[in-house]
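Reading through the structure tokens given below for one structure.
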Amino acid sequence: MNNNLNKNEGKAKQIKNEAEEEVTNVVYGDIPLYRTYGVTKKYRPRLIKFNNMLAKAMVLYLILFEILVVAVAGLAFWFYSGELIATVITLLLGSIFYRINTRIPRLRRKFTKKLKKLCRENGYSLEFKRGFFKSLSWADKGEIDFILKADSYTYYVRYATATKMLSTMSFLSKSELLYTKHPRNNKFTLIFDFKDKKKLMHISFPDYIDENDKHAIKAILINPVPMNIEKKGAFGSGMEPTGTGERLFGYTIFNATGFIETVKRNSENERISKAK
């Protein structure tokens, strides 16, 4: 009896194994069934093969294109290397020359744009007394560059231009400003013993400005700024550093940012006081 049961169980296992082997060996197209999990189309294996070939072709095309670009650039450099080098050097030197020699008008124009925007947004009155390029030079006696009316304040402004970054502006008195250009500290200047170049400039404002009006502000606007700004020391002893917003000899010194911030602050304080 037991022998018959064992035989039957053995036959059942054999039949089950044969059935699993038959299912495993069933093919889907050219691919065994056990390797086509998730395939919903009969010809999907061919589509995958086509996509792989297309991707390889695109990669090959990109590689050939890059090789062609490098080859053309190499040939161009080989045949026109002198012209190319000369062009690059010319453009580089030209850009450096432009940046150095247009520093003053670029910075002045940048400040003028900010000033006009401030007046436009707040309804201030702005009147230029000298033209843009004329204002790059020091004003003559009694001249000013522009008048700004912001609420009850009126600013009478003269430009002071530092034509060289390595320089010093020294305010000696109510009517005198000493501008000094310093030579660069290098071997060339030491060999030829270059000295400082000094220029004395006279400061004056129009006579119609009321000296007793606290809302009439005489301003010297330094733009661009030099390396140093200084004033005569207390009791006439030597020089000491000074900066934007400091009042000297009846006028106030400003740089571009300091002037705009002062105009904003004075107007805001006045409006707050009126609101109270």
Side-chain angles (χ1 to χ4, degrees), residues 103-104 107-130 135-136 138-139 143-180 201-206 209-274:
R103 169 178 169 265
I104 297 172
L107 292 177
R108 184 65 58 78
R109 190 173 295 279
K110 183 179 179 181
F111 166 73
T112 304
K113 286 183 178 180
K114 289 183 179 180
L115 185 63
K116 289 181 178 179
K117 182 181 178 182
L118 175 69
C119 296
R120 187 170 56 252
E121 291 177 348
N122 296 276
Y124 299 155
S125 172
L126 179 62
E127 180 184 1
F128 289 99
K129 294 294 187 179
R130 302 173 76 212
S135 68
L136 299 179
W138 183 249
E143 284 188 329
I144 54 176
D145 290 288
F146 66 86
I147 299 175
L148 172 63
K149 294 182 179 180
D151 296 327
S152 61
Y153 286 90
T154 303
Y155 301 86
Y156 301 90
V157 183
R158 285 184 59 132
Y159 280 121
T161 305
T163 56
K164 188 177 180 182
M165 188 177 297
L166 194 63
S167 59
T168 300
M169 282 188 180
S170 305
F171 291 87
L172 304 179
S173 66
K174 181 178 180 179
S175 59
E176 291 182 329
L177 167 63
L178 181 64
Y179 180 60
T180 306
M201 297 182 290
H202 297 281
I203 304 172
S204 62
F205 286 86
I209 301 176
D210 187 359
E211 299 286 343
N212 298 319
D213 185 2
K214 66 178 182 179
H215 292 99
I217 298 176
K218 294 187 291 185
I220 293 182
L221 179 56
I222 305 175
N223 177 254
V225 295
M227 181 179 64
N228 300 312
I229 304 174
E230 57 186 22
K231 65 178 181 179
K232 201 162 189 179
F235 307 107
S237 58
M239 304 299 294
E240 59 185 36
T242 185
T244 184
E246 183 161 355
R247 186 173 174 82
L248 299 174
F249 312 115
Y251 49 80
T252 308
I253 301 171
F254 293 104
N255 60 17
T257 303
F259 179 76
I260 289 178
E261 293 299 324
T262 299
V263 173
K264 289 180 180 179
R265 185 171 58 252
N266 288 342
S267 297
E268 289 175 0
N269 292 338
E270 184 180 7
R271 291 169 186 175
I272 292 173
S273 62
K274 286 182 179 179

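In what follows, every heavy atom counts, from backbone to side chain, and hydrogens, waters and symmetry copies are set aside.
A search for side chain to side chain contact (heavy atoms under 4.5 Å, CB included) contacts involving Ser173 returns Ser175, Glu176, not counting sequence neighbours. Every residue two or more places apart in sequence or in another chain was checked for a side chain to side chain donor-acceptor pair (under 3.5 Å) with Lys174, and none qualifies. Scanning for side chain to side chain contact (heavy atoms under 4.5 Å, CB included) contacts around Glu268 gives an empty result, with sequence neighbours left out. Every residue two or more places apart in sequence or in another chain that forms a side chain to side chain contact (heavy atoms under 4.5 Å, CB included) with Asn255 is listed here: Val225, Thr244, Thr257. Taking the side chain to side chain donor-acceptor pair (under 3.5 Å) definition, one finds that Asn269 meets it with nothing, sequence neighbours left out.
A pairwise comparison of heavy atoms in Pro224 and Arg103 identifies CB-NH2, 3.4 Å as the closest pair.
For the 3.5 Å distance criterion, the side chains of Tyr124 and Ser267 qualify, holding a donor opposite an acceptor.
Using the six-membered ring where Trp is involved, Phe171 and Tyr251 have ring planes that are tilted, between 30° and 60° apart.
Once rounded to the nearest 0.5 Å, the distance linking CG of Asp145 with CG of Leu136 reads 9.5 Å. The CD1 atom of Ile203 lies 5.0 Å from the CG atom of Leu177; values are rounded to the nearest 0.5 Å.
For residues 107-126, the set of pairs meeting the salt bridge (Lys or Arg N to Asp or Glu O under 4.0 Å) definition, not counting sequence neighbours, is empty.
Ion pairing between a basic and an acidic side chain is recognised when a charged N comes within 4.0 Å of a carboxylate O; Glu211 and Lys218 show such pairing.
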message = For a salt bridge (charged side-chain N to carboxylate O under 4.0 Å, His left out) check, start with the C-alpha distance between Arg158 and Glu143, then their side-chain angles and the critical distance, and finish with the verdict.
response = CA-CA 8 Å; Arg158 285 184 59 132; Glu143 284 188 329; over 6 Å; no
